[in-house]
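For reference, the structure discussed in these notes is given below.
Only this structure's heavy atoms are used, side chains among them; waters, hydrogens and symmetry mates stay out. Lettering of chains follows the sequences in order, A, B, ..., and the numbering in each one begins at 1.
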Amino acid sequence: MKYPFGEIESKWQKIWEEKHVYKTNLSDDEKKIYCLVMFIYPSAAKMHIGHWYNYAPTDTWARFKSLNGFNVFEPIGYDAFGLPAENYAIKTGVHPQDSTLKNINDIREMLKRMGGMYDWSAELMTCVPEYYKWNQWLFLQLYKKGLAYRKNAPVNWCPSCKTVLAREQVLGDGSCERCGTTVIQKALTQWFFKITDYADELLDGLNKINWPEKTKAMQFNWIGKSIGTEVDFQIEGHEEKITVFTTRPDTLFGVTYIVLAPEKELVQKITKLEFKEEVNKYIDSIKSLSEVDRTSTVKEKTGVPTGAFAINPVNGERVPIWIADYVLATYGTGYVMAVPAHDERDFEFAKKFNLPIKKVILEPDTEECKELEKAFTDVGVMINSGKYNGLKSDFGIQKISEDLEKQNIGKRTVNYRLRDWLISRQRYWGTPIPIVHCEKCGEVPVPESELPIVLPYNVNFKPDGGSPLASSEEFLHTVCPKCGGPAHRDVDTMDTFVDSSWYYLRYLNPKFKDGMFDKQLADKWTPVDTYVGGAEHAVMHLLYARFIHKFLRDIGLVNSDEPFAKLIHQGTITNQGAKMSKSKGNVVDPNYFLETYGADVFRMYLMFMGPYETGGDWGDKGIVGVDRFVQRLYSIFEAHKNLCKEYPSFEKYNLSEFNASEKNIYRKTNQTIEKVSVEIDNFRFNTAVAALMELLNEIKNLDECRKDFQTFVLERFAILLAPLAPHFAEECWEMLGKDQSIFESKIWFSADKSALTVDEVNIAVQVNGKLRATIRVPFNSDEIFVKDISHKDDHVSKWIEGKTIVKEIFVKNKIFNIVVK
RNA sequence: GCCGAAGUGGCGGAAUUGGUAGACGCGCUGGACUCAAAAUCCAGUGGGGAUUACACCUCGUGCCGGUUCGAGUCCGGCCUUCGGUACCA
């Protein structure tokens, strides 16, 4: 009979639910494992196979750990706020809350159908006040510590979504991550979280976590720590000065001009009257450029002079001040000292605008008078640098910095590429920011007792610019918590990365009322032991979560430094070479496979396809192989119904009492237990499945074995299958005559180590490294014995006859290599 | 451009510290069953050569070189693909 997956899957899902086998007892943390998979974004109604590829293998790992006696907590939830739901509402008129809740219901059904071991009592969604109240509370804590602040800043603005995007949400081609529209620059007053205060700690922490090296490298580069010096330049005819940041103070004598980022306010102040028109024209011309456009290496450099001059503090030279878009207001001080001789960008710029190039570092083995063809950026000997002449330039960096500090015109400092986290969004479907704006008192934080500030249901979320919440009169108007006068609420909402920065703490008790999360549980259960999710989150989400975790530690709420001890990235499943996405229309729907093969075959096939961390292009060719495997097994178990009741197995067998088939099968069974355990433990599901297929091939002669031994083998087979194909394994287990669910009784067998080794091994006999024969010898035979047999072997002797044996290499149980001349 | 990862049969992919390359599966070929087909079962299956047949020989892990008794694995230099990133002063 064909394996009736439909009824069996629903049967066991019902039993698991009734018996609460997935409920984790969080008060017992002795052998705890917090296994977390990145929560799901319910933007599309259906889960596609990419989601399955993420969730099913992780579930297999969690089930494996659970059967091995660990107390595993595996929760699931929904990253429910965000743009797609709102964009969908604008298009169709369906309210984001309604569409999101419906999608969540569909997804929950699918996750249950998949057979996920999720603790449903820990399910959470971020779009409910019970959750986002604590985003607001978190905001207030950051605010109290001065880590949430407002500033006017040039921001990435998506004209289509009419919202500000974080830099990280703008794709490489300058388009909006969510809708694909080209992003423009716009200045707005926005809320920021001061992640830069934690930059150093975020760097140091990378050494303490078991994460993929490449992910750590990406975070390292993203933070981009650089050590340098700030130097003050006086502006001719102005009180103010220009402070530049440089990593090369040794080139200070080579400065031939200064460049300001065009959007800096100072530009307006110092620009000479006759240059104003050109300068403003230039500023206008780059406004439409996205930061990516501005910073493109292929684009020719542009810029205009301001007519103003600065004085070089070390030699009193008068140098012109320019503005150019290659200088960014957001990095360093926004002002750059240009040394064309020793910086590639400055060199290119100076060449184009005929600015002087002054050599101050001499390249080893070159002449001072030789004209530079390109910037020399390495270490050399300082020249044209007054009293520093003759010093090696790397030493000059130290020396000049010291002297600048003594004269109070410079200061050694550290700069980060990392910017503060912009969290304001001019959007409806998110967490309202708990700030009130009062005409008298200015910005006033909402008292904690008044939280949550509930997101109103009735708003106009049409894309007419600005924040939709401003259209809700009752939301907007309030009284000032400080003076009681009329005030209005902040109408922006928070970036959804705030939600995902602490959800792993909330899972431990999503209904907790006395705080953001249950600290007692968090102290016991965090850090998360194993976190699984896509590599696309390598810098954004994973860096923000680390920051928030460290902040929570600093206010005494968690007792660890890092949120995620171990990180695994599942690979991406592509379709015809492209990432699956609704917009590309290449999403593969799992339903066909569920209806044809069932959930277990489908999830096992996903794991069998290849290494979990590699992913790959989707193809369904091989699924029939996994299906055949399951069908064959099903017939075997069907043919041995109630076997364990009639012929109970022994725990251990002695090889000497076995016939040949029994001996082979006993050995293979134990080897498979060993192999599958190690492979699943290391997220190598493909080889675990292959090992089970090998075992199936081996037990073709099962009927030649003693009955109680047949029980022994089939018991183990069912248990080994359980993490991979949980419904099917339960059914097999029951067919054998077992009364209790595998996952209720938590069984895992360990291998009989004495049965792992073999009596005889094949040894490869080589002559000059070429395989000439394989001989079968007793396990652990010594060299003399192997040598004797090898030399007598015809296939070997014909290659060594008449030759001189130079040497012989013997590796026990593996190889015997004869080197002849 | 820079950083990172990867290139193995017709296909997805296996291969402890260097030690019999191609596990497992798909596909394909042949056979059994069947009136026939599907399904199922059995056998074979890297390329080339050679043989009545069994032996057997030879080439082979992107390309070129190196280390070694021995290299998919280590080293040097290329090529290709895929990710990440982009004037960071």
Requested in this report: Say whether A:Arg419 and A:Thr196, considering side chains only, have a donor N or O and an acceptor N or O under 3.5 Å apart.
Outcome: no
Query raised in the report: Looking at residues 247-260 of chain A, who's got a heavy atom less than 4.0 Å off RNA chain B?
Result: A:Thr247
Report task. Can you sort out which residues in residues 619-630 of chain A have a heavy atom within less than 4.0 Å of RNA chain B? Ascending by number, please. Result -> A:Lys621, A:Gly622, A:Val624, A:Gly625, A:Arg628
**Report entry** Minimum-distance nucleotide to A:Ile809 side chain [options: B:A89, B:U58, B:G19]
**Finding:** B:G19
Report summary line: A:Tyr331 has its side chain closest, among B:A89, B:G25, B:A14, to B:A89
Report task. Starting from the C-alpha separation in whole Å, work towards a yes-or-no answer on side chain to side chain donor-acceptor pair (under 3.5 Å) for A:Asn813 and A:Asn780. Result -> CA-CA 6 Å; A:Asn813 298 321; A:Asn780 275 346; 2.9 Å; yes
Query raised in the report: How far does the P atom of B:U20 sit from the matching atom of B:C11, given to the nearest Å?
Result: 24 Å
Query - Nearest-angstrom distance from the residue atom NE2 of A:His537 to C1' of B:G84 - result: 15 Å
Query raised in the report: Looking at RNA chain B, which of residues 678-700 of chain A put a heavy atom within less than 4.0 Å of it?
Result: A:Asn686, A:Thr687, A:Ala690, A:Met693, A:Glu694, A:Asn697, A:Lys700
Requested in this report: Pick the P atom in B:G77 and in B:A23, then give their distance to the nearest Å.
Outcome: 35 Å
Query - Any A:Trp799 side-chain nitrogen or oxygen under 4.0 Å from OP1 or OP2 of B:C57 - result: yes
Query raised in the report: Taking atom C1' in both B:U73 and B:U68, what distance in whole Å separates the two?
Result: 13 Å
Query - Candidate list A:Leu203, A:Asp200, A:Val539, A:Ile195, test side-chain contact (heavy atoms from CB on, under 4.5 Å), partner A:Ile223, passing option - result: A:Leu203
Query raised in the report: Does the ring-ring contact (aromatic ring centres under 6.0 Å, His included) test come out yes or no for A:Phe602 and A:Tyr597, once each step is laid out?
Result: CA-CA 7 Å; A:Phe602 184 54; A:Tyr597 301 104; 8.7 Å; no
Requested in this report: Check whether the side chains of A:Glu230 and A:Thr243 place a donor and an acceptor atom closer than 3.5 Å, and report yes or no.
Outcome: no
Query raised in the report: Quick one: is A:Ser226 getting a side-chain N or O under 4.0 Å of the B:A89 phosphate, OP1 or OP2?
Result: yes
Query raised in the report: Just how far, in rounded Å, is C1' of B:G84 from CD of A:Gln219?
Result: 13 Å
Query raised in the report: Does a nitrogen or oxygen in the side chain of A:His795 sit under 4.0 Å from OP1 or OP2 of B:C56?
Result: yes
Report task. Report the C-alpha separation of A:Thr229 and A:Ser401 in whole Å, then their side-chain angles, then the decisive distance to 0.1 Å, and conclude whether the side chain to side chain donor-acceptor pair (under 3.5 Å) test is met. Result -> CA-CA 7 Å; A:Thr229 306; A:Ser401 298; 3.0 Å; yes
Query raised in the report: What are the two closest heavy atoms between A:Met607 and A:Phe685, and how far apart are they?
Result: CB-CB, 3.5 Å
Requested in this report: Write out all pairs satisfying salt bridge (charged side-chain N to carboxylate O under 4.0 Å, His left out) with one or both partners inside residues 686-696 of chain A, taking only residues at least two apart or from two chains.
Outcome: A:Lys668-A:Glu694
**Report entry** Closest non-hydrogen atom pair, A:Ile573 against A:Met609
**Finding:** CD1-CE, 3.6 Å
Query raised in the report: A:Tyr335 ring centre to A:Lys264 NZ or CZ under 6.0 Å, with the angle to the axis within 45°?
Result: yes
Report summary line: Between CZ of A:Arg632 and P of B:C26 the distance, given in whole Å, is 7 Å
**Report entry** Donor-acceptor pair between A:Tyr612 and A:Thr60 side chains, under 3.5 angstrom
**Finding:** no
Query raised in the report: Which of the following nucleotides, B:U17, B:C59, B:C57, is nearest to the side chain of A:Lys770?
Result: B:C59
Report task. Could you measure between the two C1' atoms, the one in B:G72 and the one in B:A15, and give it in whole Å? Result -> 9 Å
Query raised in the report: On a whole-Å scale, what distance lies between the P atoms belonging to B:A5 and B:G12?
Result: 22 Å
Query raised in the report: With rounding to whole Å, what would you report as the distance between B:C56 and B:C69 at their C1' atoms?
Result: 24 Å
Query raised in the report: A:Asp343 near the nucleic acid: base, sugar-phosphate alone, or nothing, with a heavy-atom cut-off under 4.0 Å?
Result: nothing
Query raised in the report: Does A:Leu771 or A:Ala535 map to a spot on RNA chain B nearer the 5' end, using the closest nucleotide for each?
Result: A:Leu771
Query raised in the report: What is the distance, rounded to the nearest whole Å, between atom CH2 of A:Trp222 and atom C1' of B:A86?
Result: 10 Å
Query raised in the report: Can you find an N or O donor on one side and an acceptor on the other, under 3.5 Å apart, linking the side chain of A:Lys214 with the base of B:C3?
Result: no
Query raised in the report: Just checking, any donor-acceptor pair under 3.5 angstrom between side chains of A:Tyr592 and A:Asp620?
Result: no
Requested in this report: For the residue pair A:His569 and A:Thr215, confirm or rule out a side-chain donor-acceptor distance under 3.5 Å.
Outcome: yes
Report task. Round to the nearest Å and state the distance from A:Glu344 atom CD to B:A86 atom P. Result -> 18 Å
Requested in this report: Measure from the ring center of A:Phe349 to the ring center of A:Tyr326 and say whether it is less than 6.0 Å.
Outcome: yes
Query raised in the report: Given B:C88, is OP1 or OP2 found less than 4.0 Å from the side-chain N or O atoms of A:Arg419?
Result: no
Report summary line: Result for 5'-nearest mapping on RNA chain B, choosing between A:Gly769 and A:Met218, is A:Gly769
Query - Listed partners of A:Lys621 passing salt bridge (charged side-chain N to carboxylate O under 4.0 Å, His left out), at least two apart - result: none
Query raised in the report: Should B:G62 be called syn or anti, with syn set as within 90° of 0?
Result: anti
Query - Member of A:Tyr605, A:Trp52, A:Trp618, A:Phe5 meeting the ring-ring contact (aromatic ring centres under 6.0 Å, His included) criterion with A:Phe593 - result: A:Trp618
Query raised in the report: Taking OP1 and OP2 of B:U85, is either one under 4.0 Å from a side-chain nitrogen or oxygen of A:Arg417?
Result: no
**Report entry** Atom-to-atom span, CD of A:Gln766 to P of B:U68 - whole angstrom
**Finding:** 17 Å
Requested in this report: Calculate the interatomic distance between A:Met609 atom CE and B:G27 atom C1'; express it in whole Å.
Outcome: 17 Å
Query raised in the report: C1' atom, B:G47 versus B:U8: distance in rounded Å?
Result: 14 Å
Report task. Stems involving RNA chain B: give each as a range paired with a range, ordered by first number, where a stem means at least three consecutive Watson-Crick or G-U wobble pairs under 3.5 Å. Result -> B:1-7 with B:79-85, B:10-12 with B:24-26, B:27-32 with B:40-45, B:46-49 with B:56-59, B:62-66 with B:74-78
Query raised in the report: In whole Å, what is the span from the NZ atom of A:Lys225 to the P atom of B:A89?
Result: 14 Å
**Report entry** Six-ring centre of A:Tyr634, A:Lys2 cation under 6.0 angstrom, axis tolerance 45°
**Finding:** no
Query - Nearest-angstrom distance, P atom, B:C75 to B:G4 - result: 14 Å
